[in-house]
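Computed from a prediction, not measured in an experiment: that's the story for all the values here. One is the number of the first residue; the rest follow in order along the sequence.
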Amino acid sequence: QVQLVESGGGSVQAGGSLRLSCAASGYSAASGYSESVHFVGWFRQYPGAEREGVAAISTTYNVRYYADSVQGRFIISRDNAKNTVYLEMNSLKPDDTAMYYCAAVPPGTSVGTWSRADAYTYWGQGTQVTVSS
């Protein structure tokens, strides 16, 4: 069972930056990271709201997606050797305040719409990001 752990959240002033990390573990030694985690998405959730897609990345191909609300401010990247996907968040705004989650897709699963939470199988516990004005 693949496990995802987010880190890097915290409190920051508006205009500042944070980098979130999503580290994967729990897959068999016979399988590598990209073979066990094909696609990773970052989501955020406001209280009482649905989780919304922020960004996503393929662990194999040079494919990235961003929500319009973060385009030009956030950068998603990966380091497969570290089994980790990053979300660099720049020019943070108070409305970026949310619980941020990473999610992943196992082998044999296709993501038709990257920003739909129900397309993902593995989820981390989340990391809180708070941006003060």
Side-chain angles (χ1 to χ4, degrees):
Q1 177 90 290
V2 172
Q3 297 175 351
L4 304 176
V5 178
E6 303 96 335
S7 62
S11 298
V12 65
Q13 187 176 359
S17 299
L18 287 172
R19 188 180 74 163
L20 307 183
S21 299
C22 175
S25 63
Y27 47 86
S28 68
S31 300
Y33 173 65
S34 62
E35 290 74 31
S36 300
V37 182
H38 287 2
F39 201 77
V40 176
W42 280 99
F43 291 77
R44 64 187 179 188
Q45 186 171 30
Y46 305 107
E50 299 291 326
R51 295 184 184 184
E52 64 179 42
V54 176
I57 189 170
S58 168
T59 60
T60 303
Y61 301 102
N62 187 25
V63 177
R64 297 174 174 86
Y65 299 96
Y66 296 97
D68 290 343
S69 59
V70 306
Q71 182 73 46
R73 297 190 298 122
F74 291 10
I75 301 171
I76 190 169
S77 62
R78 57 177 167 84
D79 186 342
N80 286 10
K82 296 182 178 180
N83 310 325
T84 301
V85 169
Y86 303 97
L87 183 67
E88 180 183 333
M89 304 184 294
N90 302 303
S91 301
L92 283 163
K93 305 174 181 179
D95 57 2
D96 292 319
T97 296
M99 184 71 73
Y100 283 73
Y101 300 86
C102 65
V105 174
T109 302
S110 297
V111 178
T113 304
W114 71 267
S115 58
R116 290 185 60 88
D118 59 8
Y120 295 80
T121 300
Y122 307 123
W123 290 88
Q125 294 300 305
T127 184
Q128 179 68 39
V129 171
T130 301
V131 184
S132 61
S133 60

Tell me if a side-chain donor or acceptor on [X] pairs with a main-chain N or O of [Y] at a distance below 3.5 Å.
X    : Y    : result
Y120 : W114 : yes
T84  : A23  : no
T127 : G9   : yes
E6   : G126 : yes

- Query: Given the rule in the side-chain contact (heavy atoms from CB on, under 4.5 Å) test, do L92 and Q13 qualify, once you have shown the distances and angles that lead to the verdict?
  - Reply: CA-CA 8 Å; L92 283 163; Q13 187 176 359; over 6 Å; no

- For Q3, side-chain hydrogen bond (donor to acceptor under 3.5 Å, both in side chains) partners two or more places apart: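 For Q3, no residue satisfies side-chain hydrogen bond (donor to acceptor under 3.5 Å, both in side chains) once neighbours in sequence are set aside.
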
- Min side-chain heavy-atom separation Y46-E52 under 4.5 Å: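 Yes, at least one pair of side-chain atoms sits under 4.5 Å.
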
- Item | Heavy-atom check, side chain of L20 versus side chain of Y101, under 4.5 Å |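 Not touching, per the 4.5 Å side-chain cut-off.
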
Taking every non-hydrogen atom, the tightest pair across [X] and [Y]:
X   : Y    : answer
S34 : N80  : CB-ND2, 4.0 Å
S36 : Y122 : O-CE1, 4.4 Å
L4  : A24  : CD2-CB, 3.7 Å
V54 : F43  : CG2-C, 3.9 Å
S17 : N90  : OG-OD1, 2.9 Å
W42 : S21  : CH2-O, 3.6 Å

Same cluster or not: [X] versus [Y], using hydrophobic residues (I, L, V, M, F, W, Y) connected whenever any side-chain heavy atoms lie under 4.5 Å apart?
X    : Y   : answer
I75  : L18 : yes
V37  : I57 : yes
V105 : V40 : no
W123 : M99 : yes
Y100 : V70 : yes

- Would you list the pairs meeting side-chain hydrogen bond (donor to acceptor under 3.5 Å, both in side chains) in which at least one residue belongs to residues 54-66, sequence neighbours left out?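 Of all non-adjacent pairs touching residues 54-66, those that pass side-chain hydrogen bond (donor to acceptor under 3.5 Å, both in side chains) are N62-R64.
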
- Item | Stepwise side-chain contact (heavy atoms from CB on, under 4.5 Å) check, V129 with M89 | CA-CA 10 Å; V129 171; M89 304 184 294; 3.8 Å; yes

- Item | Over 12 foreign heavy atoms within 6.0 Å of CD, Q125 |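 Counting other residues, nucleotides and ligands, CD of Q125 stays at 12 neighbours or fewer.
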
- Item | For S69, side-chain contact (heavy atoms from CB on, under 4.5 Å) partners two or more places apart |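 Only R44, A67 meet the side-chain contact (heavy atoms from CB on, under 4.5 Å) criterion with S69.
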
- Item | Pairwise distance CG(D68) to OG(S115) - rounded to 0.5 angstrom |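 Answer rounded to 0.5 Å: 10.0 Å.
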
- Task: Start with the C-alpha distance between R116 and D118, add both sets of side-chain angles, then the distance that settles salt bridge (charged side-chain N to carboxylate O under 4.0 Å, His left out), and finish with yes or no.
- Result: CA-CA 5 Å; R116 290 185 60 88; D118 59 8; 2.8 Å; yes

